[in-house]
Amino acid sequence: MEANLKEIVLNNSNEIVKMWLEEIERNRKHDYTSTISDELFESTNREFVNVIFSSLEKEGLTNDIEGFAERLINLGWPLSYLTDGMQAFRRVTINYILSQSNKVDTTYFSTVLSKVDEWVDPIINQLVNEYSGSWENIVSLQKVALQELSAPLIPVMENITVMPLIGTIDTERAKLIMENLLDGVIKHHAEVVLIDITGVPVVDTMVAHHIIQAAEAVRLVGSTCILVGIRPEIAQTIVNLGIDLSKFPTKSSLKKGFESALELTNRKIVGIENTNKDIEELVDSLDRE
Amino acid sequence: MDFQSCVNIKKEWDIVGARQLGRDIAKKVGFGNVDQARIATAISELARNIYLYAGSGKVCFDAIDELNEKGLRIVAIDEGPGIQDVSQVMEDGFSTSGGLGAGLPGVKRLMDEFDVISRQGEGTEIKVVKWLR
Ligand SMILES: Nc1ncnc2c1ncn2[C@@H]1O[C@H](COP(=O)(O)OP(=O)(O)O)[C@@H](O)[C@H]1O
Ligand SMILES: [Mg+2]
């Protein structure tokens with residue numbers, strides 16, 4: 001009888017597909033698919049139902065699902081389109097099979113239910129796996145990308161290096177900052193490192209603690225650390241917290257910090273013609289920024 | 001008093017979530033840039049203490065909007081080990097974790113009102129208020 005159930009479904013695929021498409025259309029309103037053209041929605045539905053039937057026919061021995069899921073992932077369709085579609089297929093198929101027999105007892109009913117589950121569940125599992133695999137992949141790639149961005153060190157000129165920090169600092173990132181800072185100071189022979197915190201939204205005691213430790217470590221390897229980009233509101237909260245930053249130099253802007261760095265390394269910016277006028281213009285153009 | 005807006009603290013990144021919600025509410029209440037930064041920093045300290053010392057808990061926000069007073073009330077609640085000696089942790093520099101020990105005394109200075117209720121083995125509740133001036 002079980003093979004029989006499958007035959008009912010395969011032999012009447014046109015009917016079932018029609019019911020399924022109607023159900024999908026009915027459920028479409030007000031959701032993500034509203035931005036997708038009708039043609040694309042319909043052709044995708046057709047493709048989807050073909051994949052379901054071919055998987056049914058070949059008892060899962062097909063790569064169709066994989067390929068189909070991959071394409072939808074690339075197009076950015078949500079997983080719920082597929083899971084909703086599979087739930088609709090389950091409902092429609094059960095209804096259809098039951099409507100085809102004139103005598104339905106509980107045994108028959110439960111056989112139909114479990115048989116349809118047997119077809120539908122593996123497909124759902126495979127679709128979910130394809131999607132979650134792709135998410136995990138994206139998350140791990142983004143993690144790597146974030147890590148690369150999290151504590152960059154830029155050697156701007158001989159002996160002067162800048163570390164611009166943007167975004168929230170958590171413990172993991174704080175460790176990276178320390179490591180990159182020390183590695184970089186040694187690698188670039190930096191006499192002065194400027195840590196720019198313009199882009200750090202909140203400086204609490206934990207962030208301050210890590211910055212103090214990093215600056216102290218930089219001092220121990222023989223260089224100077226200047227903390228720059230302290231916004232006025234951050235300066236006030238640091239004072240309120242009672243954090244003592246007096247052990248190392250701080251400057252409000254990267255520009256001012258860079259000027260001190262030049263001074264510390266016995267250099268200054270000089271115009272090419274070396275006339276006073278040029279220097280004045282240069283300073284003016286810096287001021288305008 | 002009902003706490004409509006709470007953020008559960010379980011992972012380190014929940015601290016950022018609490019901070020963001022608190023800052024949003026502070027902005028709506030009408031706090032300026034500097035006070036927003038003070039409030040976000042205080043939330044960060046309280047939430048991190050929950051994460052570090054209690055493991056989990058929550059931070060709740062309550063906009064105070066009465067005729068003659070407006071402000072923001074923040075309550076940090078956990079069921080952690082509690083604080084042994086409250087006067088000791090309010091001293092600048094006291095830390096059991098090798099931290100700066102500036103968190104709680106700092107929060108007291110960042111905010112206008114500060115209350116700690118803590119029972120050993122039962123947990124800690126810290127209630128702070130910032131008034132809009
Ligand atoms: N929610 C809490 N539960 C238990 N102990 C706490 C809690 N918050 C703070 N403490 C204790 O108070 C001490 C001081 O806290 P704090 O001022 O924030 O400084 P820090 O976190 O740098 O140690 C902590 O080291 C810890 O022992
Ligand atoms: Mg703390």
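Side-chain atoms are counted along with the backbone in the values below, which use heavy atoms only and exclude waters and symmetry mates. Within every chain, numbering begins at 1; the chains are lettered A, B, ... in the order of the sequence lines, protein sequences first and strands thereafter.
Counting heavy-atom pairs under 4.5 Å between each of B/V107, B/D35, B/V16, B/L100 and chain A puts B/L100 at the top. Ranked by heavy-atom pairs under 4.5 Å with chain A, the first of B/Q36, B/K108, B/R23, B/R48 is B/R48. Counting heavy-atom pairs closer than 4.5 Å to chain B, the top residue among A/V239, A/T237, A/V207, A/T205 is A/T205.
Counting heavy atoms from C-beta on, the side chains of A/K268 and A/E263 never come closer than 4.5 Å.
Using bins of under 30°, 30° to 60° and over 60° for the plane-to-plane angle, the ring pair A/W77/A/F41 lands in the parallel bin.
Heavy atoms of A/V203 lying under 4.5 Å from chain B belong exclusively to its backbone.
Residue B/S5 forms a side chain to side chain contact (heavy atoms under 4.5 Å, CB included) with just one option from B/I25, B/V59, B/D62, and that option is B/I25.
Electrostatic pairing of A/E216 and A/R219 counts as a salt bridge here, judged by a charged N lying under 4.0 Å from a carboxylate O.
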